[in-house]
Amino acid sequence: MSKTPPEVKELLHLLLTRAYAPYSGFAVAAVVKSRSGRLYGGVNVENAAYPLSRCAEQSATLQMVSAGEQEIVEVWVMSRGKQPATPCGGCRQVLSEFAPSETPVHCLSADGPELHATLGALLPHAFSKQYLDGPETQ
Ligand code: THU
């Protein structure tokens, strides 16, 4: 059974067409579901100054926070190709700011294959705000 509701899949396919990836040619779409149940979508947005490019997962997370929410309960990522791409290391870290380790992360290829994981499996021993407290307060 698919772990992706039809409306989420439809949104991912739509977002994939909106990705701005003229340099890599690799379009990525992401959807995060917040605690309220709302869906926030994002795409990768590249830049002629390459390092300023933004990943899809980060775009979706920024949309959620900008809308006033700060808790992610489920994540979907879609790309094209034989294998579903997993979130890059930076995106795993950005997601972990707002999503607990048990959060399901569904990686889909528009061509079919899926990979299902949790954020904790993708980013074990994540750095988090708990480390920002001095050692004496831990
Ligand atoms: N990309 C994402 O949007 N998310 C990821 O987690 C991996 C990579 C984008 C960045 C760049 O625009 C393109 O994919 C190729 O790396």
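Each ligand, and each atom within it, is numbered from 1 in the order the structure gives. Each residue takes its place number in the sequence, starting with 1.
The shortest distance between side-chain heavy atoms of Ser24 and Glu46 falls below 4.5 Å.
Considering backbone and side-chain N/O of Glu57, one or more are found under 3.5 Å from N/O of ligand 1.
For atom 7 (C) of ligand 1, the nearest non-hydrogen atom of the protein is Cys88 CB, 3.9 Å. Among all non-hydrogen protein atoms, the one lying nearest atom 9 (C) of ligand 1 is Asn44 ND2, 3.5 Å.
Note that atom 12 (O) of ligand 1 has protein non-hydrogen atoms nearby, at separations under 4.0 angstrom.
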Which pairs would a plain distance check flag for residues 54-65, meaning a side-chain donor or acceptor within less than 3.5 Å of a matching protein atom at least two apart in sequence or in another chain?
residue : atom : partner : partner atom : Å
Arg54   : NH1  : Gln58   : OE1          : 3.3
Ser59   : OG   : Val43   : O            : 2.8
Ser59   : OG   : Cys55   : O            : 3.2
Thr61   : OG1  : Glu57   : O            : 2.8

Go through it in stages, so that I can follow the logic: the residues are Lys9 and Trp76, the test is side chain to side chain contact (heavy atoms under 4.5 Å, CB included), and I'd like the CA-CA distance, side-chain angles, deciding distance and then a yes or no.
CA-CA 9 Å; Lys9 214 168 227 180; Trp76 289 267; over 6 Å; no

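Residue Leu108 is not grouped with residue Val28 when hydrophobic side chains (ILVMFWY) are merged at heavy-atom distances under 4.5 angstrom, including chains of intermediate members.
Within the structure, the closest approach of Ser53 to ligand 1 does not fall below 4.0 Å when heavy atoms are considered.
Those atoms of ligand 1 that come under 4.0 Å of a heavy atom in Pro87, given as number and element, are 6 (O). For ligand 1, the atoms lying closer than 4.0 Å to a non-hydrogen atom of Ser24 are 13 (C), 15 (C). Atoms of ligand 1 found under 4.0 Å from any heavy atom of Glu46 (numbered from 1 in listed order, with element): 11 (C), 12 (O), 13 (C).
His106 and His116 have perpendicular rings, their planes meeting at more than 60° on a 0 to 90° scale where under 30° would count as parallel.
In this structure, Tyr131 and Ala126 approach most closely via the heavy-atom pair CE1-O, 3.5 Å. Between Val77 and Pro87, the shortest heavy-atom distance links the atoms CG2-CG, 4.1 Å.
Of all the listed residues (Cys91, Ala56, Ser59, Cys55), Cys55 holds the heavy atom that lies closest to atom 8 (C) of ligand 1.
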